[in-house]
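Whatever order the structure lists ligands and atoms in, that order sets their numbers, starting from 1. Heavy-atom basis, side chains included; hydrogens, waters and symmetry copies ignored.
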Amino acid sequence: MRVAVCPGSFGPITLGHLDIIRRAAALFDRVLVCVMTNGEKDRGMFPPQRRLELVQMSVADLPHVEAELWPGLLADYARQRGAGFLVKGVRCGTDFDNEYQMAWINQSLSPDLETVLLPARPEFIYFSSTMAREMIRYGQDLTRYLPSAVAEEIGKGMG
Ligand code: PNS
């Protein structure tokens, strides 16, 4: 069985993230969405448990896709779950440079772990969680950026 991990901060999950998860689900037998809880991005609008809930809501209709929190190294998570692949989306050259570096760090930690980079679809190139947080702050229409269940859920909190 080919198991892939889609890792990220997901603060919050965007339509761009969901597109990568869907495409990974079409390529692999099982996809584990790993909501990382370490790093700078933990503080603020979306605490880890909330980020996980929003991811779970977004992938509920996708068979063979599950989500969980992980506080440690991504390579350790993949090893523990028997995953041989990391799947990441790439929007631009800066993303590629960062992903290239992370791919080799992860491969040095776990030599059999392969990183698969998927080009973001053009309509999602300007999407980011940072941009989504900005739209939330200014009360903009979230359905253009976030999975519908997430936009609805966050919209309720703002009402
Ligand atoms: O959504 P993001 O913030 O771009 O995702 C980055 C993330 C969380 C995937 C990356 O920072 C990561 O893998 N963190 C886990 C810690 C780790 O394994 N570090 C070594 C590889 S860079």
Side-chain angles (χ1 to χ4, degrees), residues 2-25 27-28 30-59 62 65-137 142 144-147 149-151 153-154:
R2 290 161 91 82
V3 182
V5 177
C6 286
S9 306
F10 300 107
I13 183 169
T14 67
L15 285 173
H17 290 131
L18 187 56
D19 182 60
I20 297 295
I21 295 166
R22 280 186 201 282
R23 288 160 65 191
L27 293 170
F28 295 94
R30 188 170 175 225
V31 172
L32 305 171
V33 182
C34 184
V35 180
M36 311 298 304
T37 65
N38 47 0
E40 285 299 304
K41 296 178 184 175
D42 284 355
R43 290 172 225 134
M45 200 180 265
F46 293 99
Q49 189 58 39
R50 179 76 169 140
R51 301 203 307 263
L52 174 68
E53 283 164 14
L54 296 177
V55 170
Q56 284 172 329
M57 236 175 242
S58 310
V59 302
L62 300 178
V65 178
E66 296 149 58
E68 56 191 340
L69 293 175
W70 183 256
L73 274 177
L74 181 55
D76 289 342
Y77 175 81
R79 197 180 302 117
Q80 269 208 24
R81 296 291 183 266
F85 304 89
L86 302 176
V87 178
K88 304 284 213 67
V90 175
R91 291 165 298 189
C92 56
T94 310
D95 273 1
F96 181 80
D97 289 346
N98 291 333
E99 294 302 341
Y100 190 83
Q101 193 177 19
M102 284 194 270
W104 289 109
I105 293 172
N106 284 319
Q107 207 174 42
S108 69
L109 292 167
S110 191
D112 294 332
L113 189 56
E114 195 65 87
T115 296
V116 177
L117 299 180
L118 298 181
R121 288 192 198 284
E123 60 267 40
F124 300 132
I125 278 179
Y126 298 106
F127 280 42
S128 68
S129 297
T130 307
M131 185 269 292
R133 289 197 299 274
E134 200 69 355
M135 295 300 114
I136 292 166
R137 258 184 220 111
L142 303 177
R144 291 159 62 193
Y145 313 105
L146 305 182
V150 173
E153 175 72 14
I154 293 176

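- Residue His17 places no N or O, backbone or side chain, under 3.5 Å from any N or O of ligand 1.
- Judged by distance alone, with hydrogens and angles left aside, the side-chain atoms of Ser58 form a donor-acceptor pair with the main-chain N or O of Leu54 at under 3.5 Å.
- Contact annotation: for Leu109 versus ligand 1, there are no heavy atoms closer than 4.0 Å.
- The side-chain contact (heavy atoms from CB on, under 4.5 Å) test applied to Ala132 returns Pro12, Thr14, Leu146, not counting sequence neighbours.
- For ligand 1, the atoms lying closer than 4.0 Å to a non-hydrogen atom of Met102 are 10 (C), 22 (S).
- Pro147 is not listed as a side-chain neighbour of His17, based on a closest heavy-atom distance of 4.5 Å or more.
- A side chain to side chain donor-acceptor pair (under 3.5 Å) check over residues 77-104, counting only residues at least two apart or in different chains, returns the pairs Glu68-Tyr77, Glu68-Arg81, Asp76-Arg79, Lys88-Glu99, Arg91-Asp95.
- Using a 4.0 Å cut-off to heavy atoms of Met36, the atoms of ligand 1 that qualify are 8 (C), 15 (C).
- At a threshold of 4.0 Å, the pair Arg50-Glu153 counts as salt-bridged, since one of the basic side-chain nitrogens sits closer than that to a carboxylate oxygen.
- In this structure, of Val5, Val35, Leu74, Asp76, the residue bringing a heavy atom nearest to atom 18 (O) of ligand 1 is Leu74.
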